[in-house]
Undergrad: 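What follows is a structure written as C-alpha cells; I'll ask about it next.
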Amino acid sequence: MFNAMIEVLKANPRKIVFTEGHDARILEATARLVEGGFLTPILIGNVEEVKANAAKGGFNIEGVEIIDPLTYEGMDEMVAEMVALRKGKMSPEECKAALSKGNYFGTMLVKMGKADSLLGGATYSTADTVRPALQLVKTKKGANLVSSCFILVRGDEKIAMGDCAINLSYEDTLDKEGNVVVSAARKLAEVAVETAKTAKVFGIEPKVAMLSFSTNGSGKGATVKLSHDATIEAKAMDPALLIDGEMQFDAAVAPEVGQLKFPGSPVAGYANTFIFPCIEAGNIGYKIAQRLGGYEAYGPILQGLAAPINDLSRGCNADEVYKMAIITAALV
C-alpha cells in the first residue's frame with residue numbers, strides 16, 4: 001500500500017509541513033523522508049532548537065527547510081491574508097499572535113500555496129490541529145462538515161471506518177426561523193461518500209455499510225432512522241456508489257447473515273467500508289478491530305477540507321509519523 005503511494009509521490013513532487021519541528025519523532029520521520037527523496041518536508045520551529053534536537057537524536061535533516069514564525073520575513077503578508085480570511089473576527093494583533101504558533105503558521109503556509117499538505121498533533125490536541133484548518137483552509141466546495149476515517153490493514157486485507165474521531169453526533173442545522181438547512185442525514189451521508197473516496201486512495205473498492213443496531217427496518221430508534229435516511233441521501237449524492245443500510249455489523253460482513261436479513265443487497269455480507277451513526281460507536285469499533293482483530297490502524301484521516309491536513313495521536317511514534325506523512329501527501 002505504501003509503496004504504491006510512494007510511487008505516486010515520486011511522480012508528483014509535494015511539500016508537507018510538520019507543525020512541531022522540534023519533536024524527536026517528527027525529526028526521525030523527516031530523516032527517513034529525506035533519505036527516501038520522494039517528499040519534501042518543511043519543519044516549523046526555532047532553527048537552532050530544531051537542529052540541536054536533530055543532532056542529539058542522530059537524525060540527518062541536511063537541506064530541510066526550517067521556518068521560525070518569529071523571524072519569518074513574510075509575516076506581514078501572512079498576517080494581512082489571515083485578517084482577510086477571518087473577516088473581522090480577529091484583529092491584526094490577534095492574527096500575529098496566533099501565527100507565532102506552529103499550528104496556525106503551518107496552516108497558513110498551506111493556504112498560501114507554499115506547501116501542499118500539513119501534519120500536526122504530536123504535541124497539539126486534535127482541536128488545535130482542526131481549528132486552524134477550519135478557520136483558514138476551510139471546507140472544500142459543497143462540503144458541510146469535516147469528518148475522519150481510519151484505514152485498517154491486516155496482511156492484504158484493508159477496510160475503512162468513519163467517522164471515528166471528529167463528529168460526536170449528527171443533528172439538523174437550522175436557520176433563524178427553525179427551518180432545516182442541512183439535515184443530520186445529509187451530514188452522515190457526506191461522511192459515507194467522503195470515506196468511500198478516501199478508501200479508493202488506499203486501493204479499496206468501497207462497499208459501504210451504514211451501520212446500526214437494526215438491519216433493513218428490523219428495529220426502531222433515532223439512529224436507525226438516521227442511518228436509513230443517510231443511505232438514501234448518499235445514493236442520491238453518488239449513484240454509482242455501492243452502499244446499503246441500515247444494517248448490523250454481522251449483516252455487513254457475514255454473507256450468510258447479510259443475505260438473509262438484507263436479500264439482494266450488493267453490500268450486505270461483503271462490506272469493506274463501515275459508517276457509524278455516532279463517534280462512540282465509531283471510536284469503540286475501530287479500536288476493537290485494532291486491539292482484538294489485529295489490524296494496524298492509520299488515521300484519523302481528515303475529510304472535507306480544501307487541502308490535506310491530518311492529525312497525529314500525541315502517543316504516536318516516528319514510524320506512525322512517517323506513514324501518516326505519506327498518506328497525507330498522497331491525498332493531494
Side-chain angles (χ1 to χ4, degrees), residues 1-21 23 26-27 29-45 50 61 63-69 72-75 77-78 81-82 85 99 101-122 124 128-143 146-149 151 194 197-198 200-203 298-312 316 320-332:
M1 181 176 75
F2 284 98
N3 288 340
M5 290 184 176
I6 287 170
E7 290 304 312
V8 169
L9 295 175
K10 284 180 178 178
N12 301 274
R14 289 165 185 170
K15 293 181 179 181
I16 186 166
V17 174
F18 290 108
T19 57
E20 298 127 315
D23 189 277
I26 301 296
L27 291 166
T30 296
R32 287 183 67 183
L33 293 171
V34 169
E35 185 179 1
F38 54 82
L39 180 59
T40 302
I42 300 173
L43 300 174
I44 306 302
V50 170
I61 60 167
V64 173
E65 185 176 10
I66 306 169
I67 306 178
D68 184 347
Y72 182 58
E73 291 183 356
M75 182 57 78
E77 177 190 0
M78 187 176 280
E81 180 81 9
M82 184 170 170
L85 288 168
L99 289 168
K101 301 173 184 177
N103 56 341
Y104 273 93
F105 184 84
T107 304
M108 277 302 296
L109 288 181
V110 175
K111 177 62 181 178
M112 296 176 74
K114 299 181 186 299
D116 303 296
S117 56
L118 178 147
L119 186 59
Y124 287 114
D128 285 336
T129 299
V130 175
R131 188 184 305 109
L134 285 172
Q135 292 176 346
L136 304 176
V137 171
K138 304 184 180 180
T139 54
K140 65 184 180 182
K141 186 177 181 180
V146 173
S147 64
S148 75
C149 84
I151 301 297
E194 289 300 318
K197 290 177 182 177
T198 302
K200 288 181 180 179
V201 174
F202 290 85
Y298 299 101
I301 298 164
L302 300 185
Q303 306 171 147
L305 289 167
I309 291 175
N310 276 325
D311 178 47
L312 293 161
C316 66
E320 290 169 326
V321 176
Y322 173 77
K323 289 175 178 175
M324 279 300 295
I326 294 171
I327 289 169
T328 304
L331 293 170
V332 175

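We're numbering straight along the sequence, starting at 1. Note that these values count all heavy atoms, side chains included, but never hydrogens, waters or copies made by symmetry. As the structure is a computational prediction, the values presented were derived from the model and not from experiment.
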Undergrad: Is the side chain of Asp311 donor-acceptor paired with the backbone N or O of Thr129 at a distance under 3.5 Å, no angle test?
TA: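 It does not hold such a pair.
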Undergrad: Among Tyr298, Phe38, Tyr322, which residue satisfies the ring-ring contact (aromatic ring centres under 6.0 Å, His included) criterion with Phe2?
TA: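 Looking at Tyr298, Phe38, Tyr322, the match for Phe2 under the ring-ring contact (aromatic ring centres under 6.0 Å, His included) is Tyr298.
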Undergrad: Minimum heavy-atom separation for Tyr104 and Leu99, please, with both atom names.
TA: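 Residues Tyr104 and Leu99, closest heavy atoms: O-CD2, 3.7 Å.
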Undergrad: Rounded to the nearest 0.5 Å, how far does OG1 of Thr40 lie from CG of Leu33?
TA: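 Rounded to the nearest 0.5 Å, the CG-OG1 separation comes to 9.0 Å.
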Undergrad: Which value, rounded to the nearest 0.5 Å, describes the distance between Met5 atom CE and Phe202 atom CZ?
TA: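 Separation between the atoms: 3.5 Å.
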Undergrad: Please report the interatomic distance OH(Tyr72) to CD1(Ile67), rounded to the nearest 0.5 Å.
TA: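 Going from OH on Tyr72 over to CD1 on Ile67, the span is 6.0 Å.
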Undergrad: Would you name the heavy atoms of Ala143 and Gly304 that are closest together and state the gap between them?
TA: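 In this case the closest contact between Ala143 and Gly304 is CB-O, 3.8 Å.
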Undergrad: Give the minimum heavy-atom separation between Ala325 and Leu39, together with the two atoms involved.
TA: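 Taking every non-hydrogen atom into account, O-CD2, 3.8 Å.
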Undergrad: My understanding is that only residues two or more places apart in sequence, or in another chain, count here; which of them pass side chain to side chain donor-acceptor pair (under 3.5 Å) with Asp116?
TA: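 Scan of Asp116 (side chain to side chain donor-acceptor pair (under 3.5 Å), adjacent residues dropped) gives none.
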Undergrad: Supply the atom-to-atom distance Glu77 CD to Met108 CE, rounded to the nearest 0.5 angstrom.
TA: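 One gets 8.5 Å once the value is rounded to the nearest 0.5 Å.
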Undergrad: Yes or no on side-chain contact (heavy atoms from CB on, under 4.5 Å) for Thr328 and Ile301, after CA distance, side-chain angles and deciding distance?
TA: CA-CA 8 Å; Thr328 304; Ile301 298 164; over 6 Å; no
Undergrad: Show your working on side chain to side chain donor-acceptor pair (under 3.5 Å) between Thr198 and Gln303 and close with a plain yes or no.
TA: CA-CA 8 Å; Thr198 302; Gln303 306 171 147; 2.8 Å; yes
Undergrad: When the side chains of residues 12-21 are checked against the rest of the protein, which donor-acceptor pairs come out under 3.5 Å, sequence neighbours left out?
TA:
unit_1: Asn12; atom_1: ND2; unit_2: Val8; atom_2: O; d: 2.8
unit_1: Arg14; atom_1: NH1; unit_2: Ala329; atom_2: O; d: 3.0
unit_1: Glu20; atom_1: OE1; unit_2: Gly121; atom_2: N; d: 3.2
unit_1: Glu20; atom_1: OE1; unit_2: Ala122; atom_2: N; d: 3.3
unit_1: Glu20; atom_1: OE2; unit_2: Gly121; atom_2: N; d: 3.4
unit_1: Glu20; atom_1: OE2; unit_2: Ala122; atom_2: N; d: 3.1
unit_1: Glu20; atom_1: OE2; unit_2: Thr123; atom_2: N; d: 2.6
unit_1: Glu20; atom_1: OE2; unit_2: Thr123; atom_2: OG1; d: 2.9
unit_1: Glu20; atom_1: OE2; unit_2: Tyr124; atom_2: N; d: 2.9

Undergrad: Could you report the tightest heavy-atom contact between Glu320 and Leu312, atom names first, then the distance?
TA: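 Closest pair (atom of Glu320, atom of Leu312, distance): O-CD2, 4.4 Å.
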Undergrad: Could you check if a side-chain atom of Asp23 sits within less than 4.5 angstrom of a side-chain atom of Val321, using non-hydrogen atoms only?
TA: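 No; the side chains remain at least 4.5 Å from each other.
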Undergrad: So do Leu134 and Leu305 actually touch side chain to side chain, heavy atoms under 4.5 Å?
TA: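 Sidechains of Leu134 and Leu305: in contact.
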Undergrad: Assess whether side-chain contact (heavy atoms from CB on, under 4.5 Å) is satisfied between Ile327 and Ile151, documenting all intermediate values.
TA: CA-CA 10 Å; Ile327 289 169; Ile151 301 297; over 6 Å; no
Undergrad: What are the two closest heavy atoms between Thr107 and Leu118, and how far apart are they?
TA: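 Here Thr107 and Leu118 meet closest at N-CD1, 3.4 Å.
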Undergrad: What distance do Leu119 atom CG and Leu302 atom CG have between them, rounded to the nearest 0.5 Å?
TA: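 Going from CG on Leu119 over to CG on Leu302, the span is 10.0 Å.
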Undergrad: Could you measure the distance from the CZ atom of Arg32 to the OG1 atom of Thr30? Nearest 0.5 Å is fine.
TA: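 Separation between the atoms: 11.5 Å.
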Undergrad: Thinking salt bridges, do Lys10 and Glu7 make one under a 4.0 Å N-O criterion?
TA: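 Salt bridge between Lys10 and Glu7, a charged N being under 4.0 Å from a carboxylate O: yes.
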Undergrad: For atom NZ of Lys138, is the number of surrounding heavy atoms from other residues, nucleotides or ligands below 6.0 Å larger than 12?
TA: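 Check passes, neighbour count above 12.
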Undergrad: Identify the heavy atoms of Lys114 and Ile42 that sit nearest to each other, and give their distance.
TA: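 In terms of heavy atoms, the two residues are closest at O-CD1, 3.9 Å.
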Undergrad: Taking the side chain as everything from C-beta on, heavy atoms only, tell me whether Val50 gets closer than 4.5 Å to Val64.
TA: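 Val50 vs Val64: side chains apart.
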Undergrad: Within the structure provided, determine whether Glu81 and Leu136 are in side-chain contact (heavy-atom separation under 4.5 Å).
TA: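 The answer is no, as the side chains (C-beta and beyond) never meet within the 4.5 Å cut-off.
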Undergrad: Looking at Lys140 and Glu194, is any side-chain nitrogen of the basic one under 4.0 Å from a carboxylate oxygen of the acidic one?
TA: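 Here Glu194 pairs with Lys140 in a salt bridge, since their nearest N and O are under 4.0 Å apart.
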